[in-house]
Structure formats: structure tokens, C-alpha cells
Amino acid sequence: MAAITIFETVASMRQAVDAWHAAGEKVALVPTMGALHEGHIALVTEAQHHAKRVIVSIFVNPTQFAPHEDFKKYPRTFDDDCAKLAAVGTDAVFFPSVEEMYPAGFATRVLLLGPAAVGLEDRFRPTHFEGVATVCCKLFTQSRADYAVFGEKDYQQLKVVTRMAADLDLGIKVVPLATLREADGLAMSSRNRYLSAEHRALAPTLHHIMQGLAARIRNRDELYKAVADAQNAIITAGFELDYLEARHAETLGQVTSLADGPIRLLLAARIGSTRLIDNIAV
Ligand code: PAF
């Protein structure tokens with residue numbers, strides 16, 4: 001297995017990317033916070049379909065965590081991550097320090113509207129997308145990649161970053177990839193490792209309830225009633241529900257029936273101290 005190249009500085013990454021571009025090679029970036037699972041590896045494989053060179057960034061971005069969130073305990077498994085990435089032929093890992101990304105005096109944030117301000121994740125994590133967009137904007141311009149691959153698991157994030165890349169003419173194409181699931185339907189996530197055995201067994205219920213809701217909406221059941229029933233089923237199953245909503249799949253705006261456009265179901269729920277998010281198409 002070839003050893004993987006690790007860039008710790010923007011300058012070293014850019015030097016390699018410039019050489020690849022000069023050789024006529026496209027470059028794809030897969031932004032991650034590490035703790036990689038099969039879902040991330042699928043993003044790398046997708047990136048390899050678009051570009052000859054693939055860089056995976058591993059950076060647990062402090063600006064997207066609120067003070068009470070899990071920044072400190074977020075799993076950090078760098079050696080294991082590099083081994084997994086090397087095994088699938090990733091060209092390089094960008095592994096910057098916090099100081100490299102946010103040097104002393106750093107004072108800029110990306111201000112977001114549109115899909116970042118629709119009352120879903122943004123209602124419960126009001127500063128989250130500002131941090132995500134700021135770091136992604138930096139990663140895109142730092143890497144000068146042609147493509148960036150994002151999973152649909154973080155659906156609102158995907159929409160926010162896609163909008164930002166277009167609005168700010170960042171010159172990068174955001175490529176979405178469908179959520180990878182465990183055999184029982186649970187969406188793969190780095191945070192699943194926080195789940196106790198009991199909570200892990202319960203977690204796929206969320207996906208099953210969403211599937212039932214999608215079927216009812218497709219069958220033209222009254223949307224408001226179908227969503228309310230699914231919300232109650234989640235609470236009855238033992239979750240603390242932040243939201244379960246049917247939204248327009250592109251704008252994430254409100255919908256009242258299938259006639260309003262393609263619908264996406266989005267949810268966030270807590271079990272114990274773990275917060276799970278998921279979404280499916282109707
Ligand atoms: O989805 C994630 O892992 C993070 O939000 C991202 C896109 C790497 C930005 O830190």
C-alpha cells in the first residue's frame with residue numbers, strides 16, 4: 001500500500017495542486033473532520049470518479065461547535081483514518097492545525113441566508129453553519145480543487161455549501177453523494193460510536209419511521225397529520241425530538257403537500273447524550 005502524503009500547511013498543499021493542475025489533472029477535495037467510516041470512504045470513491053487526484057481534509061473545525069457541544073470529545077483517529085484512506089488510493093490528506101486555519105487575528109465569517117436560515121439545524125445550532133461555511137470557503141480556496149464531494153447525510157449543510165460555492169463564484173463544483181446506511185438502516189455517522197448498545201439498537205427506528213412517513217405522503221395522506229403522527233412515534237419510541245419536518249428538497253422551504261415540489265424529510269433527535277440527524281427523499 002502506497003504511503004499517503006500529508007500536507008500540514010496550505011502552501012504545501014497548493015504546491016502539489018498547482019503541479020497536478022499543470023499536468024492537466026483535475027483535483028477533488030473531500031472535507032471531513034476525521035473519525036472516518038465507510039460513508040467517508042464512499043465519498044473518496046465518488047471523488048475518484050470525478051478527478052484523478054483526491055485530497056481528504058481532516059480538521060475538527062472549532063468554529064462550527066457551540067461551547068456546550070462535543071468539540072473536545074469529538075473522536076480523533078488520525079492514524080486509523082490515514083490507513084483507511086491509503087487503502088483506497090487517496091492521494092493526500094490535508095491535516096492543518098487550528099493555527100494554520102485560524103491564525104492570530106482571524107476575524108472573518110461567511111454570512112449566510114437562504115438554506116442556512118430555514119429553521120432546521122440552524123434553529124438548534126444557530127452558529128453552526130457560519131462555522132461550516134467559513135471553513136469550507138477556506139478549504140475550497142486553499143485547495144483550489146475542481147470538485148468537492150459532500151454526503152447527503154448532512155442535507156442542510158450540502159445545500160448551504162452548494163449555495164455558497166455558487167454565490168461566491170468559488171470555482172468548485174459541489175458533488176452530492178447519497179447517505180450510506182448500516183444494514184439496519186441507521187445512517188453512518190462518526191457520532192454513532194457514542195451510542196450505548198441499547199441506544200444503538202433503538203437508533204434505526206428513526207429511519208423506519210421516516211420511511212413510513214414518506215410512504216404516507218406518497219399515498220397522498222394529509223401531510224400535516226402524517227408528519228404529526230411520525231413526530232409522536234419518535235417521541236413514544238424514547239427519543240427527544242428536535243425536529244422532523246417535510247421541506248422542499250431544494251429550497252428547504254415549507255411545503256403543504258406533494259404538489260409543492262419534491263419533498264425531503266429531515267430530522268434531528270437525541271437519544272441519551274447523542275444527537276442523530278437524518279433525512280430521506282419522499
Ligand atoms: O461534515 C463535516 O464533517 C464538516 O461539517 C465539514 C464539512 C468537514 C466542515 O468542517
Trainee: In the structure I gave you, are the side-chain heavy atoms of V282 and R218 within less than 4.5 Å of one another anywhere?
Mentor: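 Yes. Closest side-chain heavy atoms under 4.5 Å.
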Trainee: Going only through I, L, V, M, F, W and Y residues with side-chain contacts under 4.5 Å, is there a path from V255 to V227?
Mentor: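 Yes, V255 and V227 fall within the same hydrophobic cluster.
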Trainee: Do V132 and V160 come close enough that some side-chain heavy atom pair is under 4.5 Å?
Mentor: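 Counting from C-beta outward, V132 and V160 never come under 4.5 Å.
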Trainee: Looking just at side-chain N and O atoms, do N232 and T236 make a donor-acceptor pair shorter than 3.5 Å?
Mentor: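 No, because no side-chain N or O of N232 sits under 3.5 Å from a partner of the opposite role on T236.
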Trainee: Would you say R14's side chain and Q142's backbone share a donor-acceptor pair under 3.5 angstrom?
Mentor: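 Flag set: sc R14 to bb Q142 pair under 3.5 Å.
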Trainee: Whether the side chain of D81 engages the backbone of A35 through a donor-acceptor N/O pair (distance < 3.5 Å, no angle test) should be reported.
Mentor: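 Yes, because the side chain of D81 sits within donor-acceptor range (under 3.5 Å) of the backbone of A35.
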Trainee: Salt bridge check, R275 against D70: does any charged N sit closer than 4.0 Å to a carboxylate O?
Mentor: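 R275 and D70: not salt-bridged.
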Trainee: Keeping the roles fixed (side chain from R193, backbone from S190), state whether a donor-acceptor pair exists under 3.5 Å.
Mentor: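 Here the side-chain-to-backbone pair exists.
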Trainee: Got a donor-acceptor contact below 3.5 angstrom from the T32 side chain to the G34 backbone?
Mentor: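 Checked: pair present.
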Trainee: Among pairs that include at least one residue of residues 76-116, which meet ring pair (Phe, Tyr, Trp, His ring centres under 6.0 Å), considering only residues two or more places apart or in two chains?
Mentor: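 Listed once each, the pairs are F78-F95, Y102-F106.
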Trainee: Taking I235 as the starting point, is it possible to reach L213 by hopping between hydrophobic residues whose side chains are less than 4.5 Å apart?
Mentor: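 Yes, because L213 and I235 connect within a single hydrophobic cluster, where side-chain heavy atoms sit under 4.5 Å apart.
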Trainee: Give the minimum heavy-atom separation between N192 and A187, together with the two atoms involved.
Mentor: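 Where N192 meets A187 most closely, the heavy atoms are ND2-O, 2.9 Å.
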Trainee: Starting at CG of L180, measure out to CD of E152 and round the result to the nearest 0.5 Å.
Mentor: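 Spacing of CG (L180) from CD (E152) equals 11.5 Å.
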Trainee: Got a salt bridge between R216 and E222, using NZ or NE/NH1/NH2 to carboxylate O under 4.0 Å?
Mentor: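 Result for this pair is no, no salt bridge flagged.
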Trainee: Restricting to non-hydrogen atoms, name the atom on A268 and the atom on L241 that form the minimum distance, rounded to 0.1 Å.
Mentor: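 Between these two residues, the closest heavy atoms are O-CD1, 3.6 Å.
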Trainee: For the backbone of D146 and the side chain of K26, can you confirm whether one donor and one acceptor N or O come within less than 3.5 Å of each other?
Mentor: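 No; zero donor-acceptor contacts below 3.5 Å.
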Trainee: Should we count CD of Q211 as having more than 12 external heavy atoms under 6.0 Å?
Mentor: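 Yes.
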Trainee: Cation-pi check, R76 to F71: give yes when NZ or CZ is under 6.0 Å from the six-membered ring centre and within 45° of the ring axis, no otherwise.
Mentor: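 The answer is yes, since R76 meets both limits relative to F71.
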Trainee: Please indicate whether E198 has more than 12 foreign heavy atoms, meaning atoms of other residues, nucleotides or ligands, lying under 6.0 Å from its CD.
Mentor: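 Not buried by this count: 12 neighbours or fewer within 6.0 Å.
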Trainee: Under 4.0 Å between a Lys/Arg side-chain N and an Asp/Glu carboxylate O for R181 and D278?
Mentor: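 Result for this pair is yes, salt bridge flagged.
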Trainee: Tell me whether the count of non-hydrogen atoms from other residues, nucleotides or ligands lying under 6.0 Å of CD in E25 goes above 12.
Mentor: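 Correct, the count exceeds 12.
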Trainee: Considering all heavy atoms of both residues, which atom of L252 and which atom of P115 are nearest to each other, and what is their separation?
Mentor: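 Closest approach of L252 to P115: CD1-O, 3.9 Å.
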Trainee: Looking only at non-hydrogen atoms, find the nearest pair between I6 and C82 and report the distance.
Mentor: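 Shortest heavy-atom contact: CD1-SG, 4.2 Å.
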Trainee: Is the shortest side-chain heavy-atom distance between E46 and V30 below 4.5 Å?
Mentor: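 Answer no - side chains too far apart.
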Trainee: Is any side-chain heavy atom of H50 less than 4.5 Å from a side-chain heavy atom of K173?
Mentor: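 No. Closest side-chain heavy atoms not under 4.5 Å.
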Trainee: Less than 4.5 Å apart, any side-chain heavy atom of Q231 and any of Y243?
Mentor: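 Heavy-atom side-chain distance check fails, nothing below 4.5 Å.
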Trainee: Under a 4.0 Å threshold between the charged nitrogen and the carboxylate oxygen, would E100 count as salt-bridged to K138?
Mentor: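 Looking at K138 and E100, the cut-off is not met.
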Trainee: Please assess R200 against D184 for the test salt bridge (Lys or Arg N to Asp or Glu O under 4.0 Å), listing each intermediate value before the final yes or no.
Mentor: CA-CA 10 Å; R200 172 64 189 81; D184 59 10; 2.9 Å; yes
Trainee: For the pair D18 and R144, evaluate salt bridge (Lys or Arg N to Asp or Glu O under 4.0 Å) and give the outcome as yes or no after the intermediate values.
Mentor: CA-CA 8 Å; D18 286 351; R144 297 179 179 139; 3.3 Å; yes
Trainee: List the atom of Q48, the atom of G89, and the distance in Å for their closest heavy-atom pair.
Mentor: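 Distance-wise, the nearest heavy atoms are NE2-O, 3.5 Å.
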Trainee: Can a donor-acceptor pair be found, under 3.5 Å and without considering hydrogens, that links the side chain of N61 to the backbone of G131?
Mentor: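 Answer holds: yes.
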Trainee: Does E130 use its side chain to pair, donor to acceptor, with the backbone of T127 at less than 3.5 Å?
Mentor: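 Side chain of E130 to backbone of T127: no pair is present.
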Trainee: With a 4.5 Å cut-off on side-chain heavy-atom distances among I, L, V, M, F, W and Y, is there a chain of contacts connecting V44 to V161?
Mentor: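 In one cluster: no.
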Trainee: Applying ring pair (Phe, Tyr, Trp, His ring centres under 6.0 Å) as the test, list every pair that has at least one member in residues 155-207; sequence neighbours left out.
Mentor: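 Found none.
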Trainee: Can you name the residues that form a ring pair (Phe, Tyr, Trp, His ring centres under 6.0 Å) with H37, not counting sequence neighbours?
Mentor: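 Per chain and number, H37 pairs via ring pair (Phe, Tyr, Trp, His ring centres under 6.0 Å) with H40.
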Trainee: Linking I/L/V/M/F/W/Y whenever any side-chain heavy atoms sit under 4.5 Å apart, do L267 and F124 land together?
Mentor: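 Different clusters.
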Trainee: Does a side-chain heavy-atom distance below 4.5 Å link L85 with I58?
Mentor: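 Answer yes - side chains close enough.
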Trainee: A side-chain contact here means heavy atoms from C-beta on lying under 4.5 Å apart; do R247 and Q156 qualify?
Mentor: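 They are not in contact (no side-chain heavy atoms under 4.5 Å apart), so the answer is no.
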Trainee: Can you tell if the side chain of L139 reaches within under 4.5 Å of the side chain of M101, non-hydrogen atoms only?
Mentor: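 Side-chain contact under 4.5 Å: yes.
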